[in-house]
Chemist: 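My structure is below; once you've seen it, I'll send some questions.
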Amino acid sequence: MAGPAPTSLAGRAAAPMDAAAVLFHDAPLAIYLRAPDGSFLEVNRAMAQLFGYDSPGQFLEAMAAFPDQHYLDPASRRAVLDELAATGFVTGRQYQAMGRDGFVLWVEESARLVDAGGDEHYYFGYLRDITAEKSTKWALTEAEEKYRASFEHAVEGLFQMTPAGRFVTVNDALCAMLGFPAATALTDDPEAAARLFVDDGTRRGLTLALEEADMVRALDAELRRADGTRIWVSIHARAVRDGNGRVVLHEGSMVDVTERRLSQEQLRQSLARTSLLFHQTVTSLSKTVRYRDPYTAGHQDSVSRLATAMARRLGLSADEAAGIRVAGQLHDIGKIVVPVRYLCKPGRLVGLEWEFMRQHAQAGYEILKEIDFPWPVAAVVWAHHERLDGSGYPRGLSGPDIPLGARILAVADVLDAMASNRPYRPALGVAAALEELARHRGTGFDAAAVDAARSVIRDGLIRY
């Protein structure tokens, strides 16, 4: 049934003054006046435009013909009018409305009863377009639901925790990992986090790192499970700050890495055993010449210690120094091919005797070259009698063609040989050895290696 014909405000006894009418029609908010039966008496331009009409008159005509048409659900119109009739006002009622061309929008309506005098009264109200707000809210709700689903079904343990160490939220995966029946067993206990960490210093370190750097990645920590057993976890976490920059929350994940840690420990022990076996093998190899020449075995040990100290003084890495130590232990292993009568001859070697002795560097290389050392041990042994000026043997290498390890070993070899007793002469002394090295510093011997030898002797790191 058609509603009453639109009535102009100007014809009513309680009509506002002209200024008020201007404010009414030009207000940016959608405003209306309605009769008690719900029919629209007057609307402003914003109201008409909200529903897609060019003017208030067009809107009033459309509503007079079909009073319910802008309600997507006619029950919404009835609910608004019933509430106005019962209480005299409506505040913030939200519903879906339909515009002129069939588009749907969300509006929020507020209205109140106005007494115009006598028995005459009407409803004064306004509408607010909340479509964008609704869309944003739905998007946020959907995102929150997706986040919650991801949080609850994640394989890794997820948590949120206050800086003081109280869990705010934990997911099922974390509960299962730690052996707790439900999240409340952790979130209801203010001391739960403190009891979880086997080393409280790790927890304090986590808190400090998040305070300073905002992010922690792959922090391994040992935790106690509900039954007292221990596991290792890898923690990734970030700090959440408020508007003033204060950390208000720690959130992140934990992954059980116990098996990985056990594997690493087993590997470490295996490597330790392998390393021990390796060094025992090297020692055994170095001792093979002891039964033919006791001097050579002791000489190799002394050269190894001296060369290692020199390598450290030169700033070489621990791994490089270890390689030089092994090369020093084995640098004269080639003497196993030299006849014993030459090794133990009380006088100087001459002629063919000396040629036999010179073969030991090449022989040492041949013995060691098939062993897969983690360092170039064979190459260093091969070149430890080479000299910077090319006067050495067996290949007459010079300058940078001589490996650094061999240059260090050459200096240590000469120093120890001169400072120690030999089968053919008594010890010449450390001072004489250092003087000889200084005389050929930079020509026959590496200058930095000579300086390193002098330094470790001076500082008492090696004594003769």
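A quick note: this is a predicted structure, and the numbers were derived from the prediction, not measured.
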Chemist: Do Gln362 and Arg395 meet the criterion of a side-chain donor-acceptor pair at a distance under 3.5 Å?
Modeler: no
Chemist: Strictly below 4.0 Å, N to O, side chains only: are Arg93 and Glu108 in salt-bridge contact?
Modeler: no
Chemist: So, are Asp220 and Arg261 salt-bridged, with charged N and O less than 4.0 Å apart?
Modeler: yes
Chemist: Let's go through Glu251 and Val240 carefully: what are the C-alpha distance in whole Å and the side-chain angles of both, what is the deciding distance for side-chain contact (heavy atoms from CB on, under 4.5 Å) to 0.1 Å, and is it a yes or a no?
Modeler: CA-CA 7 Å; Glu251 61 180 19; Val240 179; 3.9 Å; yes
Chemist: The criterion is ring pair (Phe, Tyr, Trp, His ring centres under 6.0 Å); which residues satisfy it with Trp232, sequence neighbours excluded?
Modeler: none
Chemist: Using the ring pair (Phe, Tyr, Trp, His ring centres under 6.0 Å) rule, collect all pairs that involve residues 439-464, keeping only residues at least two apart or in two chains.
Modeler: none
Chemist: Once salt bridge (Lys or Arg N to Asp or Glu O under 4.0 Å) is applied, do any residues pair with Asp256, and if so which ones, sequence neighbours excluded?
Modeler: none
Chemist: Counting neighbours of CZ on Arg439 that are heavy atoms of other residues, nucleotides or ligands and sit closer than 6.0 Å, is the number greater than 12?
Modeler: yes
Chemist: Would you indicate whether Tyr126, at its atom OH, is surrounded by more than 12 heavy atoms from other residues, nucleotides or ligands within a distance under 6.0 Å?
Modeler: no
Chemist: Any salt bridge between Arg203 and Asp200, counting N to O under 4.0 Å?
Modeler: yes
Chemist: Just by modelled atom types, is the Arg387 backbone N or O under 3.5 Å from a matching donor or acceptor in the Ser391 side chain?
Modeler: no
Chemist: Tyr365: what forms a ring pair (Phe, Tyr, Trp, His ring centres under 6.0 Å) with it, not counting sequence neighbours?
Modeler: Trp382
Chemist: What are the two closest heavy atoms between Leu196 and Phe180, and how far apart are they?
Modeler: CD2-CE1, 4.0 Å
Chemist: Taking the basic N atoms (NZ, or NE/NH1/NH2) and the acidic carboxylate oxygens, is any pair closer than 4.0 Å for Arg225 and Asp227?
Modeler: yes
Chemist: One thing to verify: whether Arg313 and Asp459 come together as a salt bridge, which I'm taking to mean a side-chain N less than 4.0 angstrom from a carboxylate O.
Modeler: yes
Chemist: Return yes if a side-chain donor-acceptor contact under 3.5 Å exists between Gln160 and Thr169, otherwise no.
Modeler: yes
Chemist: Might you confirm whether atom CG of Asp372 has over 12 heavy atoms from other residues, nucleotides or ligands at distances under 6.0 Å?
Modeler: no
Chemist: Should the pair Arg358 and Tyr393 be classed as cation-pi, given the thresholds of under 6.0 Å to the six-membered ring centre and 45° from the axis?
Modeler: yes
Chemist: Apply ring pair (Phe, Tyr, Trp, His ring centres under 6.0 Å) to His250 and list each qualifying residue two or more places apart in sequence or on a separate chain.
Modeler: none
Chemist: Nearest 0.5 Å, please: how far is CG in Leu415 from CD1 in Ile462?
Modeler: 10.0 Å
Chemist: Scan side-chain atoms only and decide if Glu265 and Gln269 contain a donor-acceptor pair under the 3.5 Å cut-off.
Modeler: yes
Chemist: Which pairs with one or both residues in residues 311-340 pass ring pair (Phe, Tyr, Trp, His ring centres under 6.0 Å), sequence neighbours excluded?
Modeler: His299-His331, His331-His384
Chemist: Kindly check if the number of other-residue, nucleotide or ligand heavy atoms within 6.0 Å of CZ (Arg77) is above 12?
Modeler: yes
Chemist: For Ser317 and Glu320, which I'm curious about, is there any donor-acceptor pair between the side chains at under 3.5 Å?
Modeler: yes
Chemist: Do Ser263 side-chain atoms and Glu259 backbone N/O form a donor-acceptor pair below 3.5 Å?
Modeler: yes
Chemist: Does atom CZ (Arg78) have a neighbourhood of more than 12 heavy atoms from anything else shown, all under 6.0 Å?
Modeler: yes
Chemist: Asp413 and His385: side-chain contact (heavy atoms from CB on, under 4.5 Å), yes or no, with the steps?
Modeler: CA-CA 9 Å; Asp413 187 32; His385 276 294; 3.4 Å; yes
Chemist: Charged N to carboxylate O below 4.0 Å: is that the case for Asp446 and Arg441?
Modeler: no
